[in-house]
Amino acid sequence: MKSQVLSNWNMPYLSVFALLIFVTIFVFVLFMIFRKGGRNAITTAEQLPLSEAAPLNGRKNNE
Amino acid sequence: MSNTNEAMEKFSYDDKTVKLFAGATLLWGVVGMLAGILIASQLADWRLNLGLEWITFGRLRPLHTNAIIFAFVGNSIYCGVYYSLQRLCKARMFSDTLSKIHFWGWQLIIVAAALTLPFGITTGKEYAELEWPIDIAIAVIWVVFAVNFFGTLWKRREKHIYVAIWFFISTILTVAMLHIVNSLSFPVSFMKSYPIFAGVQDALVQWWYGHNAVAFFLTTPVLGLMYYFVPKAINRPIYSYRLSIVHFWSLIFIYIWAGPHHLLYTALPEWAQTLGMIFSVMLWAPSWGGMINGLLTLRGAWDRVRRDPILKFFATSLTFYGMSTFEGPLLSVKSVSALGHYTDWIIGHVHGGGIGWNYFFAAGMLYYLIPKLWKTEIYSVKLGNIQFWTGTIGLGLYYVSMLVAGITQGLMWKAVDANGALVYPDFVETVTKILPLYYVRLFGGLLVFASMIIMVYNMIKTIKGAPKQEGEDVYEAPVPTWKKAQNPDKGHRKLEGMTAVFATLAFIAVAVGTAIEFVPAFMSHNFIEVSEKVKPYTPLELAGRDIYVREGCYTCHSQMIRPMANENLRYGKVSEATEFIYDRPFQWGSRRIGPDLAREGGKRPNFWHFRHMIDPREMTPGSIMPTYEWLVKKKTGYDILPKKLSVMAAMGVPYSQDEIDNAVANAKAQALEITEEMASSGVEAKMQDKQIIALIAYLQRLGKDLGGN
């Protein structure tokens, strides 16, 4: 009997709960990234890999 | 560009460590792929096992997977992380000493794996086969890496942490959690332990780990590298930074739930299987969000993709990432899994990801990095292109052959005639049918290996032709005054300046799924009926089980009969959760190159097993199983049995003190009984102390507790 319960131990509320958490976070993130005035911040952030510090010509740290 | 009024600081990067990791990537890539070639050839022709225990398929397959995942891809990740992190933070790594400890410590761990796995020192849990002392070393070195990583973030000069770093943060935190939880075990000796979880719980924890090793070791760090190196290679920003934010949070939140899709139709509770399936299908969306973001960064520059090996590798890598992350959710749908699971389709799927996504991305990254690090040009662009096409054609052959082999074998297993009987009742028929495809796979693998050799040659020539370098370049960046100022940013941008808060939220995102899946599973002892019929293994059976684990039998044989008519017909009664409560580790397996063994007990005489181990083809013509002749030469380790039983007892297995004290005598008595039973067939009495008898004892016990077939 108990082994039958185990194999059919259905917990649908877990999936629903998980889905709700996900949707909440998803919507929250959407609000955060599409908030007004956020465009400049996005432009700056996406340039980060392209705006690295440049080497000082010919300078070595053992000089 | 800095403001002229800003105070500037001078600093240099630690590129020596990056170079070391680049070299290690090339070295272990060759070793890992060579092991792959060897085991692929053994499947095509069993004689290539050479009768040597150290290089049999069961022992080498874990070496191949560990070498590729942790040695080859691991070193490539560290290489990319050390390079990109310093530049994105405009700061040198936190500690050169920690960098050295990280590099050499990781290489020592790889060497330890290479020295233990061929000797059968294994936990028997896929991708987590290394024994407890090495597990502890991995945890220590990972902490060293984490301290060095977060220390660098702490001393950074750039306020905002770029999306690549978010993926690195989630990797470091989640891999630590996965490794520690899945490695929890009780040592028996210096190189032997039993996991603290058993049966269904062990399966759930293992595949939570196994799946997320793919997610958080083979995927998230590489995605982080993609967000850095693809824009750098093409010199333009990522297609959509906004999409990257949605991509990151939804990916790490959803990924952690998907582990149970490896256990569909098993004795795992139905709700956990459904949860794993739903989240796996949901995973498709964020995965493709990342792929699209990467590919669209290349928009308008496809002419360069045609000429430049770096972009060629990146574009193909992203394409294979897209293919794998479509196929993964597809295979997670229960009805598709019913056909594909335990077949070569899964092998094709993982190699589509492993070669197409990980190897090709590492190749693109190295083609970008090595000339930059050594301040030179690549030795031969032409060789780069030859490598690309050799690898791509090889992967195509590999993937298609495994897909065809998998679907062919899956359909043959399922085929039932009008009278309800199996069309292919002999399992070996379903193996010999796909053997030609194993040769195609071997050829494809050889091409991939050749492409790796071409890259190594090209890189060595590039480095040799580079001008001699002395000292490190000096860079300058504004003094980070923002550390003391108030943070005026809002929304996600504000979060990007707060490392500790960001890391905490990322950890919560992965912990939610873990908790919801684990807590009820760990309470499952309230629901599992501990049937009086299910008994702990006898000392000899336990010794035999450890031999089964040592030889890596789980790499070819499953121990899980799924609730399907054809499996019921072929193997017997469907497996139940309660049957595995004393299984440490669980041995459900993930591939059936040989038949399922869940109800092997009592199906065949002892002598059949005895002869089968010495020469499988004598009992099963056409079998591709290696010979295990050393099992009739090596003695069973009786002396350690009381210790093994006492460790099991400490973890809740109901062995009495009397059983522990008399473990050796009981084991010898059972061994004598089995040997005497085979005496009429010519088996000598001296065999009773040999390992083959212990293995027979274990095999004859399998699945009999609930009445066998």
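Hydrogens, waters and symmetry mates play no part in the numbers below; they use all other heavy atoms, side chains included.
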* Structure fact -> Residue set satisfying ring pair (Phe, Tyr, Trp, His ring centres under 6.0 Å) with B:Tyr368, at least two apart, ordered chain then number -> B:Phe229
* **B:Tyr239, OH atom: more than 12 neighbouring heavy atoms under 6.0 Å** => no
* Crowded around B:Trp482 CH2? As in, over 12 foreign heavy atoms under 6.0 Å? -> yes
Value rounded to 0.5 Å, distance of [atom1] in [X] from [atom2] in [Y]:
X: B:Ile165; Y: A:Leu48; atom1: CD1; atom2: CG; result: 8.0 Å
X: A:Ser51; Y: B:Arg87; atom1: OG; atom2: CZ; result: 13.5 Å
X: A:Leu50; Y: B:Ile238; atom1: CG; atom2: CD1; result: 10.0 Å
X: A:Thr44; Y: B:Glu496; atom1: OG1; atom2: CD; result: 10.0 Å

* Under 4.5 Å, heavy atom to heavy atom, which residues of residues 155-164 of chain B contact chain A? -> B:Glu158, B:His160, B:Tyr162
* For the pair B:Lys232 (side chain) and A:Pro49 (backbone), establish whether a donor and an acceptor sit closer than 3.5 Å, ignoring hydrogens and angles. => yes
* Structure fact -> Residue set satisfying side chain to side chain contact (heavy atoms under 4.5 Å, CB included) with A:Ile25, at least two apart, ordered chain then number -> A:Ile21, A:Val29, B:Phe253
* **Contacts of type side chain to side chain contact (heavy atoms under 4.5 Å, CB included), residue A:Leu30, not counting sequence neighbours** => A:Phe26, A:Ile33, A:Phe34, B:Val246
* Structure fact -> Between A:Ala41 and B:Arg493, the two heavy atoms sitting closest are CB-CD, 3.5 Å
* Under a 4.5 Å cut-off applied to non-hydrogen side-chain atoms, are A:Glu46 and B:Arg242 in contact? -> no
